[in-house]
A.B. asks: 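I'd like to ask you about the structure that follows.
Numbers restart at 1 for each chain; the letters A, B, ... are given by sequence-line order, proteins then strands.
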Amino acid sequence: MTNQSRKATIYDIARLSGTSPSTVSAALSGAWKSRRISEQKVEFIRRIAAEQGYSTNMQARGLRQAKSGLVGMIIPVHDNRYFASMSQSFESFARDRDLVPVIASSMRDADEERRIVETLISYAVDCIFVAGATDPAAITDLCTAANMRHVFVDLPGPGAPSVISDNYHGARMLTQTLLQGVQPRKLPARDRIYFIGGVATDYATARRIEGFRDVL
DNA sequence: GTATAGTTCGTATCAGTGAG
DNA sequence: CTCACTGATACGAACTATAC
């Protein structure tokens, strides 16, 4: 298609190169060896495609292959070192696999979280990673209904694989290091160790307190 | 009105084809 | 039989066309 009003497709490249759309598809998708297309023709097609500024329509590819190449991640907030680092890693891992990462934050709001899941499902992402889920059961309900693969990260979810941060052992190790062989119960009141911070009803905090107490 | 059928988008892929 | 390709088709959703 020399017409600038529309993006070139494999049909345009086929017409301009005197070949068929099947050949162009094979040549440009890298499947040309198994499709028995000559390297000469592949080079020719590639040149014309470059001239026309062709790029694959990923939505059409997704339609054909029944996978979008998109992977979703939901984190509670962006401005947090822990989740910022997590989403950065997620992006790298996704790109290494030729996937396009879509990262959204729920602001720890269950309704917002659910809306994000619905949106990711409607855009047909291939799978969803949910970090620090606010309402994991609701997420699993939505994903199960849509046959959407999902994994919980940091906090556990009941209906899907979960990769959990080990807050219990982290707290244990920290407490042990602080005490360094000291008998805590024999310490004078002013030297006692206290656990400060977190939300008691929060899963991660509860596990940390557990680890802290067990060492004491 | 409403139900159903057909077309559209761009791509990947199976099955087929003609030439050697 | 191999080689180097082509034609037909299906994917999912939105839309139009046709029949009743």
A.B. asks: Could you go through nucleotides 9-16 of chain C and list every protein N or O atom that sits under 3.5 Å from one of its N or O atoms, giving the distance for each pair?
C.D. replies:
{"unit_1": "C:dC11", "atom_1": "O2", "unit_2": "A:R64", "atom_2": "N", "d": "3.4"}

A.B. asks: Check the distance between B:dA12's C1' and A:L28's CG and give it to me in whole angstrom.
C.D. replies: 12 Å
A.B. asks: Rounded at 0.5 Å granularity, tell me how far CZ in A:R208 sits from OG1 in A:T175.
C.D. replies: 11.5 Å
A.B. asks: When the distance from CD of A:Q59 to P of B:dT8 is rounded to whole Å, what number comes out?
C.D. replies: 19 Å
A.B. asks: Nearest-Å distance, CD (A:Q52) to P (B:dG10)?
C.D. replies: 15 Å
A.B. asks: Do A:S55 and A:K7 meet the criterion of a side-chain donor-acceptor pair at a distance under 3.5 Å?
C.D. replies: yes
A.B. asks: Would A:E210 and A:R207 pass as an ion pair if we require N to O under 4.0 Å?
C.D. replies: yes
A.B. asks: Are A:E43 and A:R47 ion-paired here, with the side-chain N under 4.0 Å from a carboxylate O?
C.D. replies: no
A.B. asks: Take the protein atom CH2 of A:W32 and the nucleotide atom P of B:dA12, then report the distance between them rounded to whole Å.
C.D. replies: 16 Å
A.B. asks: Check the hydrophobic clustering (I, L, V, M, F, W, Y; side-chain heavy atoms under 4.5 Å; chains of links allowed) and say if A:V130 and A:V163 are grouped together.
C.D. replies: no
A.B. asks: Could you walk me through whether A:R15 and A:Y11 pass the side chain to side chain donor-acceptor pair (under 3.5 Å) check?
C.D. replies: CA-CA 6 Å; A:R15 193 168 40 75; A:Y11 285 99; over 6 Å; no
A.B. asks: Considering all heavy atoms of both residues, which atom of A:A14 and which atom of A:S20 are nearest to each other, and what is their separation?
C.D. replies: CB-C, 3.5 Å
A.B. asks: With a 4.5 Å heavy-atom cut-off, do A:P136 and A:L155 have their side chains touching?
C.D. replies: no
A.B. asks: Taking only nitrogen or oxygen atoms into account, show me every contact under 3.5 Å that the protein makes with nucleotides 3-6 of chain C, one pair per line with its distance.
C.D. replies:
{"unit_1": "C:dA4", "atom_1": "N7", "unit_2": "A:R36", "atom_2": "NE", "d": "3.2"}
{"unit_1": "C:dA4", "atom_1": "N6", "unit_2": "A:R36", "atom_2": "NH2", "d": "2.9"}
{"unit_1": "C:dC5", "atom_1": "OP1", "unit_2": "A:K41", "atom_2": "NZ", "d": "3.4"}
{"unit_1": "C:dC5", "atom_1": "OP2", "unit_2": "A:S38", "atom_2": "N", "d": "2.6"}
{"unit_1": "C:dC5", "atom_1": "OP2", "unit_2": "A:S38", "atom_2": "OG", "d": "2.9"}
{"unit_1": "C:dT6", "atom_1": "OP1", "unit_2": "A:S20", "atom_2": "N", "d": "3.4"}
{"unit_1": "C:dT6", "atom_1": "OP2", "unit_2": "A:S20", "atom_2": "N", "d": "3.0"}
{"unit_1": "C:dT6", "atom_1": "OP2", "unit_2": "A:S20", "atom_2": "OG", "d": "2.8"}
{"unit_1": "C:dT6", "atom_1": "OP2", "unit_2": "A:T23", "atom_2": "OG1", "d": "2.1"}

